[in-house]
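See structure below.
Predicted model, so just to flag it, every value in this text is computed and none were measured. Residue indices begin at 1 and follow the sequence shown.
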Amino acid sequence: MKKLLLLPVLFLATTIVSAQDSTSRFDPFKLFSPLFYTYNGNEYRAASGEPGAAYWQNRADYQIDVKLDDTKSEVSGLVTIDYSNNSPQSLNFLWLQLDQNLFAKNSRGQAKMPATGRSRYGDAKSTFDGGYKIKSVKLVNAAGKETNASYIIDDTRMQIRLAENIAAHKGKLKFKIEYSYTVPQYGADRTGILATKNGDVYAIAQWYPRMCVYDDVRGWNSDPYLGASEFYLEYGDFKVNITVPANMIVGASGELLNPQEVMTAAQLQQYNKAKQSDATVIIRSAADITNAASRPAKTSLTWKYLIKSSRDFAWAASKAFIWDAARMNLPDGKKGLAMSLYPVESDGNDAWGRSTEYTKTTIEYYSGKWFPYPYYSAVNVATNIGGMEYPGIVFCGYGAKKAGLWGVTDHEFGHIWYPMIVGSNERRYGWMDEGFNTFINGLSEINFNKGEYASAAASQHQRRMYGDQVEPMFNTPDAMKEVNIGTLLYSKPGYALGLLRDEILGADRFDYAFKKYTHDWAFKHPTPWDFFRAMENGAGEDLAWFWRGMFIESYELDQAVTKVEYNKNDPKEGALITIENLGRMAMPVVVEYTTVSGKTARKKLPVEIWHAKKLWRFALSTTEEIQKIVIDPDKVFPDMKSANNTWTKQ
């Protein structure tokens, strides 16, 4: 009987609230629904957001011998891949990525380019016709005998079909691919050739057939490469021998194993000096570039590199490079080498002379804050690429200056952590690397040289970040409007994480959870759901509403102050303030109030006030009239309509 008697009362209350806020789009039961996660924790991925007890991932180790022919701009090589199947399934075929096929004129990616105008990922009017030329694909048995493999090539993928399955649980297969391709002048802002007065700068990436990931989430991740999305790669060790004309300098992922064979005695001396110096040391100066004696008197040289536990490898080569370096001081007493390679066109712009300083400081900061840098060297290369990251090496615009070069250097090396160390799937969830990186860049900017380049916090009230007119972040980059990629992959997730840290969880809880997530998933493959669970468990907070509104959907926030009253109609008895949630998103509420005498104070209300209501009424212990009420006085929340955030006494 008590339940039945209660029904009319509840109905009446609901009717009254509905009438008062009929313009509200807010549905508290939808936003705060506990039915958020699509699966329970399992043996592979725990409910805590950690890798499960039976978590597995496959592995690919690479031995690559490659040659650059600068007369034809051609890369030719032989890659040997040792593939380990650690999954519980046997495999009767393999998928590899042939990323250079994006630049073939008949590729899917080129067909997707705009007919007019220009995309950063390609140009429909380009006459360049690139792509791989595959000379052979051979399987290698335990005795070293080679046999021709059965394979097909479809756009940017190769499938190798096996007569015998690779056994589950540590089964192995070795195979070789001999190939070549012509380097594109402008390769989707990821690889290319920069012409300088002293010679071309080659930025070489996506330059060898790479294994697709086979995981417990989708099986084979063999999505075609269309340009906008980036990569999802297996981890392994890379042994790479790069043969170039002797007058060229090479920078690459990993540690140079034979410096004495590729440097002059003077360069080797400076190189070793840099290993002991916190200040930048010049290894090859601008004057050396036109001095033939600054390079060994040979026709060609082979630079040998090794990088372990890496998901990729990239390199750069040019006879036009100035070369400098400095020591990096890493956690646990480890040391590394920060280096920069740039032409004279960059030397004179009051920026690249500080590139190694930027690189060193960035690597040291992120190492202490989130996870120790795992590689020996970090190389910043001036190219015709605006900014692109690879393990241990990044490509930045050769014309970048001062704060611009600092920003792009910090951003690209920040990617060493996300997604090079924490190996998320960039092909499907670009915000898990670009957004995470944008967030950590904000902290690094404040840290660098006591905030030398720190900018004033910009207003985040960008209408294009929210609402029906923009796609949710949960979309593949290739399926986003190109004009929205900067917002959806960088700005919005970076801002959202900053909001979560500074306004919802606090720096201590956020940093603890984020750092633990980074350590737990280092050199592994987390999904968005692993990240969400890790943050909730580490911080001790149910954040389903936040993930749903900011990440899964594109909900807009619109909180308004609608009424000011006084107890017993007497200002001395205290004020009663009514606020409403009009948008589909909710956030904590910070209210600043000013009395008629000019006294100012604030009150913060938790997001839970919106759990079952669109309207909230709260008391202020005042003894005089209110002159002004402002919601979000610091403008840190993404409120879409600032006009209704303020109430002023008439």
Once you round to the nearest 0.5 Å, how far does [atom1] of [X] lie from [atom2] of [Y]?
| X | Y | atom1 | atom2 | answer |
| --- | --- | --- | --- | --- |
| K335 | N329 | NZ | CG | 4.0 Å |
| F238 | R311 | CZ | CZ | 10.0 Å |
| L306 | Q63 | CG | CD | 9.5 Å |
| I134 | L98 | CD1 | CG | 5.5 Å |

Test salt bridge (charged side-chain N to carboxylate O under 4.0 Å, His left out) applied to K239 - qualifying residues, sequence neighbours left out: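 Listed in chain order: nothing, the list is empty.
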With sequence neighbours excluded, tell me which residues meet salt bridge (charged side-chain N to carboxylate O under 4.0 Å, His left out) with E178.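 In terms of salt bridge (charged side-chain N to carboxylate O under 4.0 Å, His left out), with neighbours along the sequence ignored, E178 is linked to K135.
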Should we count NZ of K308 as having more than 12 external heavy atoms under 6.0 Å?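 Incorrect, the count does not exceed 12.
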Can you list the residues that meet the side chain to side chain donor-acceptor pair (under 3.5 Å) rule with Y181, with sequence neighbours excluded?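 By the side chain to side chain donor-acceptor pair (under 3.5 Å) rule, Y181 matches no residue at all.
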Please name all residues satisfying side chain to side chain donor-acceptor pair (under 3.5 Å) with Y373, sequence neighbours left out, ordered by chain then number. none
Could you work out, with ring pair (Phe, Tyr, Trp, His ring centres under 6.0 Å) as the rule, every residue matching [X], not counting sequence neighbours?
| X | value |
| --- | --- |
| Y121 | none |
| F371 | H519 |
| Y376 | none |
| F439 | F510, F514 |

If the threshold is 4.0 Å, N to carboxylate O, is there a salt bridge linking [X] and [Y]?
| X | Y | value |
| --- | --- | --- |
| D61 | R59 | yes |
| E234 | R210 | no |
| K176 | E146 | yes |
| K67 | E74 | no |

Nearest heavy-atom pair of A316 and I393: which atoms, and what distance?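 Nearest pair, atom of A316 first, then I393: N-CD1, 4.3 Å.
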Got a sec, which pairs hit side chain to side chain donor-acceptor pair (under 3.5 Å) with one end in residues 241-256, sequence neighbours left out? D65-N241, T243-T302
When you compare the side chains of N58 and Y83, does any donor N or O come within less than 3.5 Å of an acceptor on the partner?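 Yes - a donor-acceptor pair under 3.5 Å links their side chains.
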Which residue pairs satisfy the salt bridge (charged side-chain N to carboxylate O under 4.0 Å, His left out) criterion with at least one member in residues 271-298, sequence neighbours excluded?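 Salt bridge (charged side-chain N to carboxylate O under 4.0 Å, His left out) check on residues 271-298 returns D278-R327, D278-K360.
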Quick test of your reading: applying salt bridge (charged side-chain N to carboxylate O under 4.0 Å, His left out), list the pairs with at least one residue in residues 398-417, sequence neighbours left out, ordered by first then second residue.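 As it turns out, the salt bridge (charged side-chain N to carboxylate O under 4.0 Å, His left out) pairs with a partner in residues 398-417, which skip direct neighbours, are D350-K402.
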Ring pair (Phe, Tyr, Trp, His ring centres under 6.0 Å): which pairs involve residues 288-317, sequence neighbours left out? W207-W315
